[in-house]
Amino acid sequence: MTSSSVAPSPSGSGAAPVERADVIVVGAGPGGSATAAYLADHGLDVVLLEKSAFPRDKICGDGLTPRATKELISLGVDTTGWQRTKGLRIKGGGHTLQLDWPESDAFPGYGMVRTRAQLDEALARHAESRGALLHERTSVSAPVRDSAGRVSGVTAKRLDDSGRATGETVTYRAPVVVASDGVSSRLATAVGRPKREDRVMGVAVRAYYTTPKRDDYLESHLELWSRDDAGNRILMPGYGWLFPLEDGRTNVGLGTLDTTSAFQKTDYKDVMRRWVEDINPEWQLEHDESAGPIRGAALPMGFNRTPLYADGLLLVGDSGGMVNPFNGEGIDYALEAARLGAELVAQAMARPSDAARERVLAAYPKVMKDELGGYFTLGRWFAHAIGNPEVMRLATKYGLPRTKLMPLLLKIMANLADPTSKGASDRLITTLSRLAPSA
């Protein structure tokens, strides 16, 4: 393929310059950067557009399960020095259970923790190293469509160091556009793909804290206890986490689902402050003010925007609602979609006609649903079941003591079943996911 190039505007025309490529990827989060890297590896000309400049922060728990770790290994990212985790410590109902990550032929026996500021920049630079052309401070404003209504590019504005528009506008054109532009996905919305109301939505808040405690386990509190103004303990809907970093800090946060009646009525930042006070005797947490205040973000779950491909626009990551309803994890699914989507795009671009190319691209929604649809449906059922915090309280009180059951639940929650294994737990999870209706 030829390298991407910018065509200058005709003299005196005032028209925006046009840059052409085989594929345009919008958004350099994990899904977008991984897609760009894989496409470049396939020999395609890729332009990767990012509104911000690296390093930049994103609201996230920063935890990477073995499923995400596997995808990073497949992508070829150097993870030397990243915080590794041995497993998950679960607290609730007066019980504590520590579970190691299961090691199998399908997944490594360790996870990692990496701030999104570090992770996203590492992935974007990796995409550059593979041959993708990265444009930072480039804000995509709208899709470009051809006469048939097919997406054939995007228009974008250049931004200065402070994030203001410079007045320069560029048009990017390509046969395929990948939207990896987050939960709001301006591109998907512009072409008429709104969020689905029948899908679970979550919200998470987090901040960084210093702590003298050193840990190589993720810690999850399945009962989120807070305090009211009178100091009385109250049970809130949701769960909390503490994910250790290699620099002596920990990512502290909490998440909840819109399946609870308190979803729209709760100040979760305030809940988190009170929860941190309650757990502080053990952790001795000090808010890292330099890393910013408590901040929140929405979590789009279970393929909440469809179709994942149509008319030249392919969705990857949060833009397509690729977040696990069991645990709010989205990085691994964004990376997985990047790998599978890039393979289809590469196959499509090798076809001799537009019609043949479109047939290959049209397979993307089925590929993703075959891979994750049944599992996401199980997760949606689970999310509705725990919408009442009392259900979660009872489940943790009577479930955590059953130590032989919990490794199975860990595999379910983190989607770590080995589909090739003959073990009973792996076969059970694989069968349930296959039998569940596709999300």
Side-chain angles (χ1 to χ4, degrees), residues 4 16 18-29 31-36 39 44 46-51 135 138-157 169-199 201 298-323 330 333-334 337-338 340-342 344-345 348-349 351 354-369 372-373 376 439:
S4 57
V18 177
E19 186 165 341
R20 301 182 184 278
D22 295 320
V23 186
I24 295 162
V25 181
V26 180
S33 290
T35 301
L39 290 169
L44 296 178
V46 189
V47 173
L48 176 60
L49 306 178
E50 167 59 34
K51 180 178 180 180
H135 290 309
T138 303
S139 178
V140 171
S141 52
V144 173
R145 302 206 208 191
D146 61 20
S147 58
R150 191 177 188 279
V151 176
S152 59
V154 298
T155 56
K157 298 176 181 179
T169 299
V170 181
T171 298
Y172 298 88
R173 290 190 176 275
V176 180
V177 176
V178 176
S180 188
D181 51 346
V183 57
S184 298
S185 191
R186 180 180 293 184
L187 282 180
T189 302
V191 300
R193 296 186 216 174
K195 290 180 286 187
R196 294 179 56 167
E197 298 301 324
D198 62 340
R199 293 293 186 259
M201 180 68 75
L299 300 174
M301 298 180 172
F303 296 143
N304 82 328
R305 187 180 274 111
T306 54
L308 296 177
Y309 173 80
D311 301 321
L313 184 68
L314 185 145
L315 310 184
V316 168
D318 283 1
S319 66
M322 298 177 186
V323 174
Y333 303 104
L340 297 172
L344 281 174
V345 172
M349 294 298 289
R351 296 300 192 265
D354 290 347
R357 180 184 67 204
E358 197 66 17
R359 284 196 300 272
V360 177
L361 293 171
Y364 177 67
K366 183 177 186 304
V367 167
M368 293 305 302
K369 288 189 176 185
L372 297 169
F376 278 176

J.: Determine whether a donor-acceptor pair (N or O, by modelled atom type, separation under 3.5 Å) exists between the side chain of T189 and the backbone of R186.
T.: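 It does not hold such a pair.
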J.: How many angstroms lie between OG in S152 and CG in D311, if you round to the nearest 0.5 Å?
T.: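 Rounded to the nearest 0.5 Å, the OG-CG separation comes out at 11.0 Å.
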J.: State whether the side chain of R305 and the backbone N or O of S319 hold a donor-acceptor pair below 3.5 Å, judged by distance alone.
T.: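 Checked: pair present.
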J.: Drop me the distance from T138's OG1 to K157's NZ, to the nearest 0.5 angstrom.
T.: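 One gets 13.0 Å once the value is rounded to the nearest 0.5 Å.
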J.: Within this structure, what is the CZ-NZ distance for the pair F376 and K369, rounded to the nearest 0.5 Å?
T.: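 Answer rounded to 0.5 Å: 12.0 Å.
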J.: At what distance, to the nearest 0.5 angstrom, does CG of L313 lie from CG of L361?
T.: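 Answer for the CG-CG pair, L313 versus L361, is 11.0 Å.
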J.: Show the nearest heavy-atom pair for residues G317 and A334, with the distance to one decimal.
T.: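 Result for this residue pair: CA-CB, 3.8 Å.
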J.: Begin with the C-alpha distance, continue with both residues' side-chain angles, and end with the deciding distance and a verdict on side-chain contact (heavy atoms from CB on, under 4.5 Å) for Y309 and E358.
T.: CA-CA 10 Å; Y309 173 80; E358 197 66 17; 2.7 Å; yes
J.: Checking S141 side chain against T155 main chain: does a donor-acceptor pair fall under 3.5 Å?
T.: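 Side chain of S141 to backbone of T155: a pair is present.
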J.: Spell out, as yes or no, whether a donor-acceptor pair under 3.5 Å connects the side chain of D318 to the backbone of G321.
T.: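 No; zero donor-acceptor contacts below 3.5 Å.
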J.: Can you tell me how far the CE atom of M349 sits from the CZ atom of R357, to the nearest 0.5 Å?
T.: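 Rounded to the nearest 0.5 Å, the CE-CZ separation comes out at 6.0 Å.
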J.: Using a 6.0 Å cut-off, check whether atom CZ of R193 has over 12 heavy atoms from anything other than its own residue.
T.: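 Buried by this count: over 12 neighbours within 6.0 Å.
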J.: L48 and A36: which non-hydrogen atoms are nearest, and at how many Å?
T.: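 Looking at all heavy atoms of both residues, the closest pair is CD2-CB, 4.1 Å.
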J.: Atom CG of L299 and atom CE of M201: how far apart are they, to the nearest 0.5 Å?
T.: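 Rounded to the nearest 0.5 Å, the CG-CE separation comes out at 8.5 Å.
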J.: Looking only at heavy atoms, which two atoms of A362 and P365 are closest? And how far apart?
T.: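 Where A362 meets P365 most closely, the heavy atoms are O-CD, 3.3 Å.
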J.: Of all heavy-atom pairs between L340 and M368, which one has the smallest distance, and what is that distance?
T.: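 Here L340 and M368 meet closest at CD1-SD, 3.9 Å.
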J.: Taking all non-hydrogen atoms of both residues into account, name the closest pair between A342 and T35 and its distance.
T.: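 Smallest interatomic distance, heavy atoms only, reads CB-O, 4.2 Å.
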J.: Keeping the roles fixed (side chain from Y364, backbone from L315), state whether a donor-acceptor pair exists under 3.5 Å.
T.: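 Yes: the side chain of Y364 pairs with the backbone of L315.
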J.: Could you walk me through whether F303 and L372 pass the side-chain contact (heavy atoms from CB on, under 4.5 Å) test, one step at a time?
T.: CA-CA 9 Å; F303 296 143; L372 297 169; 4.0 Å; yes
J.: Would you check if the side chain of D181 reaches a backbone N or O of L187 as a donor-acceptor pair within less than 3.5 Å?
T.: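 Yes.
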J.: Where is the tightest heavy-atom contact between V47 and E19, given as atom of each residue plus distance?
T.: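 Nearest heavy atoms, V47 then E19: CG2-OE2, 3.5 Å.
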J.: Check the pair L39 / V25 against side-chain contact (heavy atoms from CB on, under 4.5 Å), numbers first and verdict last.
T.: CA-CA 10 Å; L39 290 169; V25 181; 4.2 Å; yes
